[in-house]
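A note on names: the letters A, B, ... follow the listed sequences, proteins ahead of strands, and every chain is numbered from 1. Note that the structure is predicted; figures quoted are calculated from it, not measured. Just so you know, these numbers use all the heavy atoms, side chains as well, and skip hydrogens, waters and symmetry mates.
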Number of protein chains: 4
Amino acid sequence: MKPKDEKKVEAIAAAVYRLAAGKGLAAVTLADIAREAGVATSTLYVYYKSREDLLDDVYQKAKTATVTRYASDDDPKASLKARVRRIWNNIVDNRIENRQQVAFLEQYYHSELLSETSRALGQRMSAPFIELLVAGQRSEQLKTVPPALLAAAVMGLARETALLVSRGDLPDDETTRANGFQLCWDAIRA
Amino acid sequence: MKPKDEKKVEAIAAAVYRLAAGKGLAAVTLADIAREAGVATSTLYVYYKSREDLLDDVYQKAKTATVTRYASDDDPKASLKARVRRIWNNIVDNRIENRQQVAFLEQYYHSELLSETSRALGQRMSAPFIELLVAGQRSEQLKTVPPALLAAAVMGLARETALLVSRGDLPDDETTRANGFQLCWDAIRA
Amino acid sequence: MKPKDEKKVEAIAAAVYRLAAGKGLAAVTLADIAREAGVATSTLYVYYKSREDLLDDVYQKAKTATVTRYASDDDPKASLKARVRRIWNNIVDNRIENRQQVAFLEQYYHSELLSETSRALGQRMSAPFIELLVAGQRSEQLKTVPPALLAAAVMGLARETALLVSRGDLPDDETTRANGFQLCWDAIRA
Amino acid sequence: MKPKDEKKVEAIAAAVYRLAAGKGLAAVTLADIAREAGVATSTLYVYYKSREDLLDDVYQKAKTATVTRYASDDDPKASLKARVRRIWNNIVDNRIENRQQVAFLEQYYHSELLSETSRALGQRMSAPFIELLVAGQRSEQLKTVPPALLAAAVMGLARETALLVSRGDLPDDETTRANGFQLCWDAIRA
DNA sequence: TATGAATGAGCCTTCATTCAT
DNA sequence: TATGAATGAAGGCTCATTCAT
């Protein structure tokens with residue numbers, strides 16, 4: 001709760017990402033985390049009051065970092081398509097470069113451990129993106145369907161594209177990204 | 001190992017779906033499954049030699065049923081678009097109607113417990129669908145991108161659509177399906 | 001809760017008595033009990049659902065046995081003094097002969113673990129004794145003070161006498177008992 | 001080891017009394033004591049070299065204070081009965097007024113943690129009382145039984161009386177004390 | 001086949017104690 | 001002196017699995 005040694009907190013988070021991606025979040029024990037982070041198991045309790053607390057904090061850290069990356073280099077003055085592409089690319093890149101973090105995030109999200117606070121965090125952080133899409137609808141550049149559907153399409157296609165790259169089914173290059181975004185844009189544009 | 005009583009085996013599978021959807025696969029114990037299926041815990045070992053074995057078998061059952069549902073009512077003589085729409089609809093319907101089974105499937109898929117055999121099963125079963133898409137590319141109706149990307153787009157958009165419905169963000173009606181498929185088709189068509 | 005092997009249940013209770021008397025109830029771990037009873041620690045959970053449950057059950061067993069011993073050989077037709085002496089003797093004998101059980105009983109009684117049920121049990125079992133004393137008051141053989149005080153005097157003096165014997169401060173013979181009861185009787189008689 | 005700040009030492013002792021009476025000595029942790037005393041846990045080690053040491057010191061403090069209270073207002077020139085009554089009253093009053101301290105004392109006494117030194121302390125402090133009783137025997141006012149039995153009777157009856165008052169079974173008034181001492185005196189007098 | 005009893009391994013958590021500041 | 005950080009040891013409890021009937 002009141003972390004003193006920031007380095008240790010980060011080592012713990014990193015350990016969680018690595019382990020969750022490696023053996024599945026459910027199989028990650030506190031002993032695993034401690035070993036991987038280079039501290040004693042009981043030391044984890046100096047920083048967090050329970051396993052649940054620890055994971056929730058790591059989740060919030062990761063979620064915030066992820067969403068921040070999604071929005072990076074967004075240029076409000078660029079065209080709608082350019083801005084969506086920027087975000088789409090960020091999502092794909094993040095999923096490929098921070099594979100372990102993403103693996104943890106998805107597993108935790110589906111693990112019924114998600115606290116209400118954490119769930120709200122996700123909503124709040126994606127709000128600007130939704131607004132961008134709504135603006136696109138107003139200027140008649142995007143399909144007139146529930147915005148949530150447009151957002152889901154963008155996220156879903158980025159997700160699938162990154163997955164194919166991570167699995168080795170597609171090369172990690174510009175062509176793949178161009179193809180993927182082409183599908184994405186055609187899906188949502190008016 | 002050699003299931004005799006098919007009724008019991010099905011009760012076990014049903015128990016697993018229900019429990020996994022309810023409290024998360026990781027939290028499901030053999031005692032839970034046995035109780036829910038109406039047998040003694042040790043009886044599970046009469047049918048399976050380990051927890052892993054049990055889950056893997058249930059997975060294969062569910063996976064097969066799911067893929068079968070995907071292909072149901074496919075009319076080889078219909079137009080490409082109609083056939084894809086049929087499949088897309090089947091996927092969406094299945095995800096909504098068999099929520100518990102799908103929940104189990106996804107959790108198990110991401111749990112690193114998936115045996116090699118089971119992984120191959122997934123590949124094998126989706127082969128006909130890939131072929132359909134390749135045919136569509138040959139007739140220049142679909143984009144000339146790696147077929148896996150097209151398949152991923154269809155599956156991904158169906159998944160996202162069903163998710164929005166399950167969450168209550170979108171109504172479970174024809175309009176939702178029409179909108180969803182519109183995005184899907186625009187994404188993949190040439 | 002649903003003991004099958006009565007022998008094991010008794011071995012567990014005996015282990016608790018021995019250990020509580022030896023190292024103090026608070027220091028008795030489930031591992032200790034299991035080792036002493038010749039079973040695995042987890043086996044204890046076959047019989048009881050928690051440590052608290054186990055101790056409470058053992059307590060009720062011991063309490064019942066103890067109170068039964070207090071009342072043994074009571075002759076309703078004997079004189080009041082003879083009957084009180086009988087009971088007093090039983091208490092002293094029990095405290096000396098079943099030292100370990102008594103040690104456990106006293107420690108548990110003062111340990112804030114005592115369930116409401118168990119507390120009520122104690123009250124209920126001592127009721128006949130109180131009635132005997134009240135009858136003694138009615139026949140003007142005993143002092144006219146609150147019966148609870150008379151009961152406490154009898155119990156207290158038996159307790160102290162047994163304690164002195166157990167400690168070796170007094171010999172374990174008839175003289176000690178005669179002296180002790182003399183004090184007891186003089187204390188309560190009218 | 002070498003207590004400097006007497007205030008802190010007393011705060012610690014007071015914390016122990018309160019906590020032991022409240023949740024049972026066995027459940028009292030050093031963290032509890034520290035919190036209740038307003039210091040850091042590790043600070044306790046500035047004053048004592050171990051938990052055992054701390055409790056033993058607190059015990060000796062409490063024991064000394066208690067025995068001192070027993071002897072307070074003793075008038076060597078008063079009659080034997082008056083002197084015994086004085087002491088008996090002091091014991092009862094102490095048990096009622098210093099409930100928490102007494103609770104700690106009894107729990108610690110039965111916890112097998114009692115050091116040899118502390119055990120001897122108890123003996124030493126009750127010596128004058130034993131001498132008083134022996135003098136009473138010599139003047140043929142008290143029964144000719146082992147003095148330890150007389151002492152035990154006085155202590156035991158005081159204990160039981162105070163217990164009944166603490167429990168609310170008897171009122172905390174002069175009548176209760178008069179009745180109680182009547183039993184006590186009849187028990188020991190010749 | 002079906003099951004209740006039994007268990008070893010392991011998990012989360014607590015706590016007295018030590019260390020560094 | 002005083003304290004927050006760190007930890008090893010241990011405890012209660014769960015669970016997949018085996019055994020005996």
Tabulate below the donor-acceptor pairs under 3.5 Å that side-chain atoms of residues 22-43 of chain B make, not counting sequence neighbours, or state none.
from	atom 1	to	atom 2	distance (Å)
B:Lys23	NZ	B:Asp32	OD2	2.9
B:Thr29	OG1	B:Ala31	N	3.3
B:Thr29	OG1	B:Asp32	N	3.0
B:Thr29	OG1	B:Asp32	OD2	3.2
B:Asp32	OD1	B:Arg35	NH1	3.4
B:Asp32	OD2	B:Thr29	N	3.1
B:Glu36	OE2	B:Arg18	NH1	2.9
B:Thr43	OG1	B:Ala40	O	3.4

To the nearest angstrom, how far is [X] atom [atom1] from [N] atom [atom2]?
| X | N | atom1 | atom2 | result |
| --- | --- | --- | --- | --- |
| A:Leu54 | E:dT13 | CG | C1' | 13 Å |
| C:Leu44 | E:dA6 | CG | P | 11 Å |
| D:Leu55 | E:dA16 | CG | C1' | 12 Å |
| A:Ile12 | F:dA6 | CD1 | P | 9 Å |
| B:Asp5 | E:dT3 | CG | P | 11 Å |
| B:Tyr45 | F:dT18 | OH | C1' | 9 Å |
| A:Tyr48 | F:dA6 | OH | P | 12 Å |
| D:Lys7 | F:dT1 | NZ | C1' | 16 Å |

Does [X] put a side-chain nitrogen or oxygen below 4.0 Å from OP1 or OP2 of [N]?
| X | N | answer |
| --- | --- | --- |
| D:Lys49 | E:dT18 | no |
| B:Thr43 | E:dT3 | yes |
| D:Tyr47 | F:dA2 | yes |

Problem - Strand-adjacent residues in residues 19-39 of chain C, judged by heavy atoms under 4.0 Å from DNA chain E - result: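 Contacts with DNA chain E under 4.0 Å: C:Val39.
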Practice task
Under 4.0 Å between any heavy atoms, over every strand shown, what does D:Ser50 touch: base, sugar-phosphate, or nothing? Just pick one.
Solution key: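 Contact class for D:Ser50: sugar-phosphate only.
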Practice task
With sequence neighbours left out, write down each residue that passes salt bridge (Lys or Arg N to Asp or Glu O under 4.0 Å) with A:Glu52, or none if nothing qualifies.
Solution key: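 A:Glu52 satisfies salt bridge (Lys or Arg N to Asp or Glu O under 4.0 Å) with no other residue.
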Problem - By salt bridge (Lys or Arg N to Asp or Glu O under 4.0 Å) - contacts of A:Lys63 (at least two apart) - result: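 Checked A:Lys63 against salt bridge (Lys or Arg N to Asp or Glu O under 4.0 Å); zero matches.
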Practice task
Select from C:Ala40 and B:Ser42 the residue whose nearest nucleotide in DNA chain E is closer to the 5' end of that strand.
Solution key: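 Closer to the 5' end of DNA chain E: B:Ser42.
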Exercise for the section: On DNA chain E, check which nucleotide each of C:Lys8 and A:Arg51 is closest to and give me the residue with the more 5' one. Expected result: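 The residue whose closest nucleotide sits nearer the 5' end is C:Lys8.
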Handout entry: Positive for side chain to side chain contact (heavy atoms under 4.5 Å, CB included) with C:Leu54, one of C:Asp56, C:Val58, C:Asp57
Key =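 Output: one option passes, namely C:Val58.
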Practice task
Could you say whether B:Thr41 or A:Thr41 is positioned toward the 5' end of DNA chain F, judged by the nucleotide with the nearest heavy atom to each?
Solution key: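 The residue closer to the strand's 5' end, by nearest nucleotide, is A:Thr41.
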Problem - From OH (C:Tyr59) to CD (C:Gln101), nearest 0.5 Å - result: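 Answer rounded to 0.5 Å: 11.5 Å.
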Handout entry: A:Arg119 to A:Tyr109 six-membered ring, cation-pi geometry met (6.0 Å, 45°)
Key =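 Ring-cation test returns yes.
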Problem - Pairs where residues 24-44 of chain A contributes a residue and the test ring pair (Phe, Tyr, Trp, His ring centres under 6.0 Å) is met, not counting sequence neighbours - result: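 Output for this query is empty, none listed.
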Fill in the blank from the handout: For DNA chain E, the dot-bracket notation using Watson-Crick and G-U wobble pairs below 3.5 Å, [ ] for pseudoknot-type crossings and | for other-strand pairs, is .||||||||||||||||||||
Handout entry: Within-4.5 Å side-chain heavy-atom neighbours: D:Val102 and D:Asn94
Key =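 Counting from C-beta outward, D:Val102 and D:Asn94 do come under 4.5 Å.
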Practice task
Determine whether the side chains of D:Tyr47 and D:Asp53 contain a donor N or O and an acceptor N or O closer than 3.5 Å.
Solution key: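 Absent: no donor and acceptor within the cut-off.
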Exercise for the section: Output yes when a side-chain donor or acceptor of B:Ser111 lies under 3.5 Å from a complementary backbone atom of B:Tyr108, and no otherwise. Expected result: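 Yes, the answer is positive, given that a donor and an acceptor are paired below the 3.5 Å cut-off.
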